[in-house]
Novice: 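So that we are looking at the same thing, I have put the structure below in structure tokens.
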Amino acid sequence: MAKKAKIRRIAILTAGGDCPGLNAVIRAVSKKAILDHDMEVIGIADGYDGLIHNRHRKLEFTDVSGILTRGGTILGTSNIANPYRYPVKKGKKIKYQDVSATVIKNIEKLKIECLVCVGGDGTMAIAHGLMNQGVRVIGIPKTIDNDLKGTDITFGFNSAVNIATEAIDRIHDTAQSHHRVMIIEVMGRKAGWIALYSGVAGGADLILLPEIPYDMDIVTQCVKMRHKKGKRFSIIAISEGAKPKGGKVTVRKLVTDGSEPVRLGGVGVSLGDKIENLTGIETRTVVLGHLQRGGSPIPADRILGTELGAKTIDFIIDKKFGCMVGVVKNQLLPIPLDVVAQGSRLVPLDHELIRAARSVGTCFGDCHSLVL
Ligand code: F6P
């Protein structure tokens, strides 16, 4: 059998919104590449932006040592720099250009034999495009939203759930003292994984997800009924992308240079105003926002990040390119990028956790809970 040509130089970039565990991944990829295979590892600055503008540096062992517990990413990131739709300012206007040819030229100049792209759906879609143009790529699934196709979990998700749950616990105390309705708005544009998991873990009375449009009557009746039965407070966990039945998502701002055309936000405040008006019960809203993305990763994400990073190097050695390292039933498998690039992984309506939550009386805003 012909001997496989040795891979000598790889590059790694982190793109899209940051999340806890990115440094654990960078560390695992780089250390294993250097220690086990004597590869050179190039760290690309600020996601795909560094490939467009040629900003990178060689990662030595010492650069990736001592970063396991650190939040953020030592490489920097960008959720604007899409080589297929790169915003360029022309006077006061922004024009979009396809600069993928520059990216490919820079990858060739750098003699990169495999590009490791750590990111969410946007990052994987770009990696898929580069793969179709002949670049050897491997993706690693990152996002607090946990909404990537082809993997049961993304790193960063459990750390975000931890942060949101801790916040709900704290809000519980003050809600009880003041007999208020308290709403906690968490991230999740199309998929409600964070609201579902933190809502269940924090014992939220109502959990409102993008996948289950809520009925305002049911929400207010649930709150009123709790008051009537002596529970003079209610906790509502809501995703930023949740919407009322027949209504639309709450848009805070239209964006021209971002990866998404709209910036969501405000659904918690507008729901709070409605509840207060309709029930007469004082209602307050807390928006967790980017708090969910910062800080040290919890052990589960340090472990997952290390496993994903190490497996990526195995795939590179086996020349399994054009895939993402997916977690499927506790196994790390190569998932074709064609599969990953097929939209978001939403919470299935028959998800076991939704069923379990309903059975303990949690209301999802679509029908009355059994226990109030
Ligand atoms: O990638 C996850 C996410 O946290 C979304 O839930 C959220 O809408 C978005 O990123 C916000 O990102 P940014 O404010 O950095 O553009």
Side-chain angles (χ1 to χ4, degrees), residues 13-22 25 46-49 71-73 75-82 85-87 94 117-127 139-149 151 153-165 167 184-199 207-211 237-243 248-270 285-295 297 301 305 324 340-341 343-347:
L13 60 79
T14 54
D18 63 351
C19 83
L22 280 164
V25 169
D46 302 335
Y48 293 103
D49 207 55
T73 160
L75 295 175
T77 186
S78 162
N79 53 7
I80 297 168
N82 178 350
R85 199 172 174 269
Y86 191 66
I94 290 177
C117 303
V118 189
D121 50 358
T123 306
M124 294 306 150
I126 296 166
I140 302 185
K142 163 241 72 165
T143 164
I144 63 162
D145 293 344
N146 199 31
D147 60 352
L148 257 183
K149 283 239 160 96
T151 186
I153 189 140
T154 56
F155 76 86
F157 169 63
N158 275 313
S159 296
V161 168
N162 229 46
I163 295 161
T165 305
I184 300 100
E185 182 183 310
V186 297
M187 281 185 170
R189 286 186 301 256
K190 293 184 190 135
W193 294 103
I194 299 178
L196 176 61
Y197 275 67
S198 62
I207 299 176
L208 306 178
L209 314 175
E211 293 87 344
I238 185 168
S239 312
E240 62 184 341
K243 49 188 176 299
K248 290 197 172 116
V249 289
T250 310
V251 173
R252 194 167 67 76
K253 199 177 169 188
L254 295 175
V255 274
T256 47
D257 61 353
S259 53
E260 295 287 324
V262 292
R263 196 163 294 158
L264 298 181
V267 67
V269 172
S270 95
T285 299
V286 175
V287 181
L288 294 190
H290 296 83
L291 266 180
Q292 294 158 95
R293 297 219 307 233
D301 279 326
M324 180 189 81
V340 182
S344 311
R345 188 175 73 97
L346 305 183
V347 178

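Start at 1 and go down the list; that is how both ligands and their atoms are numbered.
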Novice: Taking a cutoff of less than 4.0 Å between a non-hydrogen atom of the residue and any ligand atom, is His290 in contact with ligand 1?
Specialist: yes

Novice: With sequence neighbours left out, what residues match Arg345 under salt bridge (Lys or Arg N to Asp or Glu O under 4.0 Å)?
Specialist: none

Novice: Whether the side chain of Arg252 engages the backbone of Arg263 through a donor-acceptor N/O pair (distance < 3.5 Å, no angle test) should be reported.
Specialist: no

Novice: Please answer whether the main-chain N or O of Gly16 pairs with a side-chain N or O of Thr77 as donor and acceptor at a distance below 3.5 Å.
Specialist: yes

Novice: Would you say Tyr48's side chain and Leu13's backbone share a donor-acceptor pair under 3.5 angstrom?
Specialist: no

Novice: Strictly distance-based, threshold 3.5 Å: is any side-chain N or O of Asn146 a donor or acceptor partner for the main-chain N or O of Thr154?
Specialist: yes

Novice: In the protein, which heavy atom is nearest to atom 9 (C) of ligand 1, and how far is it?
Specialist: Arg189 NH1, 3.4 Å

Novice: May I ask you to identify the nearest protein heavy atom to atom 4 (O) of ligand 1, giving residue, atom name and distance to one decimal place in Å?
Specialist: Met187 SD, 2.7 Å

Novice: Report the nearest protein non-hydrogen atom to atom 16 (O) of ligand 1: residue, atom name, distance rounded to 0.1 Å.
Specialist: Asn79 ND2, 3.2 Å

Novice: List the closest protein heavy-atom neighbour of atom 5 (C) of ligand 1: residue, atom name, distance to the nearest 0.1 Å.
Specialist: Asp145 OD2, 3.3 Å

Novice: At less than 4.0 angstrom from any non-hydrogen atom of Gly188, what atoms of ligand 1 do you find?
Specialist: 6 (O)

Novice: Relative to ligand 1, is Leu264 under 4.0 angstrom through side chain, backbone, both or neither, heavy atoms considered?
Specialist: neither

Novice: Tell me, please: is Gly16 in heavy-atom contact with ligand 1, that is, under 4.0 Å?
Specialist: no

Novice: Give a yes-or-no answer on whether the side chains of Tyr86 and Asp49 include a donor-acceptor pair shorter than 3.5 Å.
Specialist: yes

Novice: Can you check which of Glu240, Arg252, Lys142 brings a heavy atom nearest to atom 6 (O) of ligand 1?
Specialist: Glu240

Novice: Taking non-hydrogen atoms only, is Arg293 closer than 4.0 angstrom to ligand 1 via side chain, backbone, both or neither?
Specialist: side chain

Novice: With a 3.5 Å distance limit and no angle check, can you tell me whether Lys142 reaches the backbone of Cys117 through a side-chain donor-acceptor pair?
Specialist: no

